[in-house]
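Report on the following structure.
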Amino acid sequence: MRTAFEPLVTERLLLRRSVPEDAEAISAYRSDPDVHRYQGWQRTDVESVRAEIEEMARREPGDPGWVQLSVIERATGRLVGDVGLCGVAHEPGVVKVGYTIAPAYQGRGYGTEAMRALVAYAFDVLGAEVVRAYADADNIASHRVAEKVGMRLVERFRAFDDGEEWWGVRYELRRGERRSAT
Ligand SMILES: CC(C)(COP(=O)(O)OP(=O)(O)OC[C@H]1O[C@@H](n2cnc3c(N)ncnc32)[C@H](O)[C@@H]1OP(=O)(O)O)[C@@H](O)C(=O)NCCC(=O)NCCS
């Protein structure tokens, strides 16, 4: 039997499952062109974000399909971003992760701090063998977060979205490659 998700607590942050009441704050930063430039979200309005959160509430972390956690700044209780994890149906042991920090809170190490906790959770609680992140090849901030939590670049690939070409990268960290930081 699965147990309820226990929030992940770091020095400055708390990561808990997103709830419908988070939709407004999440929609606000996702609607910023600087935030969604490299992301695949189709809709960023409050209603769509809320519907997505409600759908994800039916899944457990590690299941195929995304489960999102809201990133809360412990000192203020403010929602400063969100991270997600997603089991891969045809690749048992692989967990994909994603991350977003609201512009007002970027550059403080929050992305890295949240991801360290998420990666540790994926290995230690979910039993993942591989943690994987995809990013746009131009998204340097995202690459840096992946590198800082110990992931390494394993693939550069060309993809098409609505006929438009873009280059992506895949970062991975294998269980056996973990260092003490994660
Ligand atoms: C990627 C993202 C989560 C980073 O969050 P953050 O809290 O600012 O990250 P950190 O403060 O932990 O910084 C991590 C590293 O990225 C670097 N970095 C941050 N923004 C950067 C930028 N715009 N350009 C280059 N490097 C950047 C930081 O300098 C740091 O590296 P360093 O320690 O070597 O200096 C944030 O920029 C974001 O949400 N972007 C929009 C959404 C997105 O693209 N998410 C990733 C999708 S795969």
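Numbering of ligands and ligand atoms starts at 1, following listing order. As the structure is a prediction and not an experimental result, all values here were calculated from the model.
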*Only counting residues at least two apart or in another chain, list the ones meeting salt bridge (charged side-chain N to carboxylate O under 4.0 Å, His left out) with Glu172.*
Arg132, Arg170, Arg174

With the criterion set at N/O pairs under 3.5 Å, what does the list of contacts between the protein and ligand 1 look like, atom names and distances included?
{"from": "ligand 1", "atom 1": "7 (O)", "to": "Gly111", "atom 2": "N", "distance (Å)": "2.8"}
{"from": "ligand 1", "atom 1": "8 (O)", "to": "Gly107", "atom 2": "N", "distance (Å)": "2.8"}
{"from": "ligand 1", "atom 1": "11 (O)", "to": "Arg108", "atom 2": "N", "distance (Å)": "3.4"}
{"from": "ligand 1", "atom 1": "11 (O)", "to": "Gly109", "atom 2": "N", "distance (Å)": "2.7"}
{"from": "ligand 1", "atom 1": "12 (O)", "to": "Thr112", "atom 2": "N", "distance (Å)": "3.0"}
{"from": "ligand 1", "atom 1": "12 (O)", "to": "Thr112", "atom 2": "OG1", "distance (Å)": "2.6"}
{"from": "ligand 1", "atom 1": "33 (O)", "to": "Lys148", "atom 2": "NZ", "distance (Å)": "2.4"}
{"from": "ligand 1", "atom 1": "34 (O)", "to": "Arg144", "atom 2": "NE", "distance (Å)": "3.1"}
{"from": "ligand 1", "atom 1": "34 (O)", "to": "Arg144", "atom 2": "NH2", "distance (Å)": "2.6"}
{"from": "ligand 1", "atom 1": "39 (O)", "to": "Ile101", "atom 2": "N", "distance (Å)": "2.8"}
{"from": "ligand 1", "atom 1": "39 (O)", "to": "Ile101", "atom 2": "O", "distance (Å)": "3.3"}
{"from": "ligand 1", "atom 1": "44 (O)", "to": "Asn139", "atom 2": "ND2", "distance (Å)": "2.8"}
{"from": "ligand 1", "atom 1": "45 (N)", "to": "Gln39", "atom 2": "NE2", "distance (Å)": "3.1"}
{"from": "ligand 1", "atom 1": "45 (N)", "to": "Tyr99", "atom 2": "O", "distance (Å)": "2.8"}

_Basic-acidic side-chain contact under 4.0 Å: Glu54, Arg58_ = no

*Does the pair Ile26 and Ile53 meet the rule for a side-chain contact (heavy atoms from CB on, under 4.5 Å), with working shown?*
CA-CA 10 Å; Ile26 293 173; Ile53 291 171; 4.2 Å; yes

*Relative to each other, are the rings of Tyr105 and Tyr110 parallel, tilted or perpendicular (30° and 60° limits)?*
parallel

*Does a side-chain N-to-carboxylate-O contact under 4.0 Å join Asp22 and Arg16?*
yes

_Minimal non-hydrogen separation, Leu153 against Tyr171, with atom names_ = N-CD2, 3.5 Å

